[in-house]
S.K.: 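Please see the structure below; I have some questions.
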Amino acid sequence: MNKVSNKLATLMLATVLGATSLPFAAQHASAATAPLSAQEIQQAVNELSQLRIMQGYQDHSMGIHNQITRAELAKMVALTFGLQGKAEKLPSFADVNQNAWYYKYAAELVGQDIMEAPGGNFDPRGTVTDAELVQVVSKALKRDAKSVNYWMERFYSANNNATRGEVAFLLKTAHKAIPSPDAKITSVRALNAITLIVTVDAPLTAENEVFAKAKEDFVFNDGLTLTNLPRLKTGSTNTYIVPTSVQKPGTTYTLTYRGQKAGTFVGNATKLDMTEARQVSYDTFEVESLQENGVVDYGYVISAYSAGRGASAFVLDDNNQADGKTYQIISSGQARQVTITPAGGQPIVAKYVPFTQSTDGKQEPKFRLPEGQVLTPGVTYTVTSDWAAIANSTFVAKEIAPLEITEAEALSETSISVTVSEDPGDELFSGRSVELTSADGQKLLATYKYSSRKGAVGVFDLAQDGKLAEGTTYTVTPVGDWAGKSQAELTVE
């Protein structure tokens, strides 16, 4: 029996028998997707009633089995997320009188682009599909749709109409996901050598998630540091993936958050399981991990990235499980490094190349040798790390000819596009620069704009407030050897 027929059948049964503990679907549903019970819905209704978000009808019933109308949804969403007075301009509607009890709520949500009114018609008595409900709550909370969909998993069916009871259950969960400037950490544990799982009593505000601010707020002892901003897990209301420098196994760490002791944890010795190290350019190599081996890059399981990762994004539960498999999480690669040692030579520290950790659906963070150093063809290299265990850690370097710059074009007075002879992948463009030289010898520096690559074309932004001069022709050359001795001309019109 599918979810739609389950839902309708159980609604009819619950209407006959009254508010009982009967589930809102078949009895044999799995625990992970156990259907809603009337008791759970009633608890949600009671909570929203106490918060004055949900009100009953004149006959004193709450109508939990009734399909919710757009007018009712507008009021409940506006009150749940405190959206009153936030719209810059309130619209008028062809089908809504401004004296109607729901006008101000409908106008606020349409004015904030949370709900729609095509042609000026709000359709206040219209019903709301589950798919529409996802979009409304996602926009109101400013949260990814995948998380909202996960909160609705136990009753969701895209084209089915949502009931008042189901909306109450969703809004009860979503209300807990409203960020707070006064959030306090309730638990912290080390997941692996570079990753913490931190739970708070309410999500952090956008301001408190910014890396510079978070680094001030998250303070550890024994030299441990935050290496990038904390990221909220997809599907969670209040659990964060927090990247740290490499922890010392067995060391007891204290986390102080915003000046207050927030908890202790023991440094984790677990290294991430990586499958292979391999060369990708004359000075860059990558270390691969595989989801099929139970290792996932955090980009696939955090709320901030879920929309961009599309169907590849998924939800890990509180036990970091999905579809019965437990995953280890690779947190941010920012500030990470590994050691690469040539046979018979001295170890070299290679640093992570930003924004190459998980691209094109792959989990292959790139690492680059220090400026001026290259991988010598024919030499065997071994890659080691204090945070990753690499199964196939050696490779023999080969001659990889640099690509060539074939074209450059001005996009604005502060940025240019650079085209190379073939798609280089992120490992070539990331961290690279070009120099622009005018006929009179004036020089400008432009650096690659991370994640801007489209095939063989990448965007480079001028550095140090540089600007292109109108009517000037520049010669564009690579800084370093990443594109050999190639060059291209660019004329600013």
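The structure displayed is predicted, hence computed values, not measured ones. Residue indices begin at 1 and follow the sequence shown.
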S.K.: Give a yes or no on whether K213 atom NZ has more than 12 heavy-atom contacts from other residues, nucleotides or ligands under 6.0 Å away.
M.R.: yes
S.K.: Report the distance from atom CG of L490 to atom CD1 of I416, rounding to the nearest 0.5 Å.
M.R.: 6.0 Å
S.K.: We want to know whether S281 and E427 form a side-chain donor-acceptor pair, criterion being a heavy-atom distance below 3.5 angstrom.
M.R.: no
S.K.: Under the salt bridge (charged side-chain N to carboxylate O under 4.0 Å, His left out) rule, collect the residues that match up with R70, sequence neighbours excluded.
M.R.: none
S.K.: State the NZ-OG1 distance between K362 and T356, to the nearest 0.5 angstrom.
M.R.: 12.5 Å
S.K.: Side-chain contact test, heavy atoms from C-beta onward, threshold under 4.5 Å: evaluate it for E207 versus P181 and give yes or no.
M.R.: no
S.K.: Using side-chain heavy atoms (C-beta onward) and a distance below 4.5 Å, is L444 in contact with E435?
M.R.: no
S.K.: For the atom pair CD (E364) and OG (S289), what is the distance rounded to the nearest 0.5 Å?
M.R.: 8.5 Å
S.K.: Could you check whether atom NZ of K139 has more than 12 heavy atoms from other residues, nucleotides or ligands sitting under 6.0 Å from it?
M.R.: yes
S.K.: Are the side chain of N268 and the backbone of A193 linked by a donor-acceptor contact shorter than 3.5 Å?
M.R.: no
S.K.: Applying the side chain to side chain contact (heavy atoms under 4.5 Å, CB included) criterion to M274, which one of V383, N392, L290, I330 satisfies it?
M.R.: I330
S.K.: Looking at every heavy atom in both G333 and Y352, which two are closest together, and how far apart are they?
M.R.: O-CD2, 3.0 Å
S.K.: Please determine if D113 and K142 form a salt bridge, counting it only when a charged side-chain N lies under 4.0 Å from a carboxylate O.
M.R.: no
S.K.: To the closest 0.5 Å, what do you measure between CH2 (W151) and OG1 (T173)?
M.R.: 7.5 Å
S.K.: Determine whether a donor-acceptor pair (N or O, by modelled atom type, separation under 3.5 Å) exists between the side chain of Y282 and the backbone of W482.
M.R.: yes
S.K.: Would you check if there is a donor-acceptor pair between the side chains of S180 and D182 at a distance under 3.5 Å?
M.R.: no
S.K.: Using the side chain to side chain contact (heavy atoms under 4.5 Å, CB included) rule, pick out the option among L468, T477, T475, T472 that qualifies with L436.
M.R.: L468
S.K.: Determine, step by step, whether R143 and V137 satisfy the side-chain contact (heavy atoms from CB on, under 4.5 Å) criterion, reporting the C-alpha distance in whole Å, the side-chain angles of both residues, the deciding distance to 0.1 Å, and the verdict.
M.R.: CA-CA 8 Å; R143 186 69 191 270; V137 174; over 6 Å; no
S.K.: N192 and Q328: side-chain donor and acceptor closer than 3.5 Å?
M.R.: yes
S.K.: Could you check whether atom CG of D318 has more than 12 heavy atoms from other residues, nucleotides or ligands sitting under 6.0 Å from it?
M.R.: no
S.K.: Please tell me if the side chains of T382 and F395 come closer than 4.5 Å, counting only heavy atoms from C-beta onward.
M.R.: no
S.K.: Is there a side-chain contact between Q291 and Y300 (heavy atoms, below 4.5 Å)?
M.R.: yes
S.K.: Determine the sole option in S451, S452, P424 for which the side chain to side chain contact (heavy atoms under 4.5 Å, CB included) test with F429 is passed.
M.R.: P424
S.K.: May I ask you to check whether over 12 heavy atoms, not counting those of K271, lie within 6.0 Å of atom NZ?
M.R.: yes
S.K.: How about CD on E116, more than 12 heavy atoms from neighbouring residues, nucleotides or ligands closer than 6.0 Å, or not?
M.R.: no
S.K.: Do E288 and T275 meet the criterion of a side-chain donor-acceptor pair at a distance under 3.5 Å?
M.R.: yes
S.K.: Which distance, rounded to the nearest 0.5 Å, do you find between the CG of L109 and the CZ of F81?
M.R.: 9.5 Å
S.K.: Has S331 got a side-chain atom pairing as donor or acceptor with I194's backbone, closer than 3.5 angstrom?
M.R.: yes
S.K.: Can you tell me how far CD1 of I241 sits from CG of L316, rounded to the nearest 0.5 angstrom?
M.R.: 7.0 Å
S.K.: Check for a donor-acceptor pair, side chain of S306 on one end and backbone N or O of A313 on the other, with a separation under 3.5 Å.
M.R.: no
S.K.: So, F314 versus Y150, ring centres under 6.0 angstrom or not?
M.R.: no
S.K.: Evaluate the ring planes of F122 and F93, with Trp represented by its six-membered ring, and classify them as parallel (under 30°), tilted (30 to 60°) or perpendicular (over 60°).
M.R.: tilted
S.K.: Determine whether the side chains of D144 and S303 contain a donor N or O and an acceptor N or O closer than 3.5 Å.
M.R.: yes
S.K.: What I want to check is whether the side chains of K443 and T437 have a donor and an acceptor closer together than 3.5 Å.
M.R.: yes
S.K.: Does anything in residues 366-381 form a side-chain hydrogen bond (donor to acceptor under 3.5 Å, both in side chains)? List the pairs, not counting sequence neighbours.
M.R.: T284-R368, E286-K366
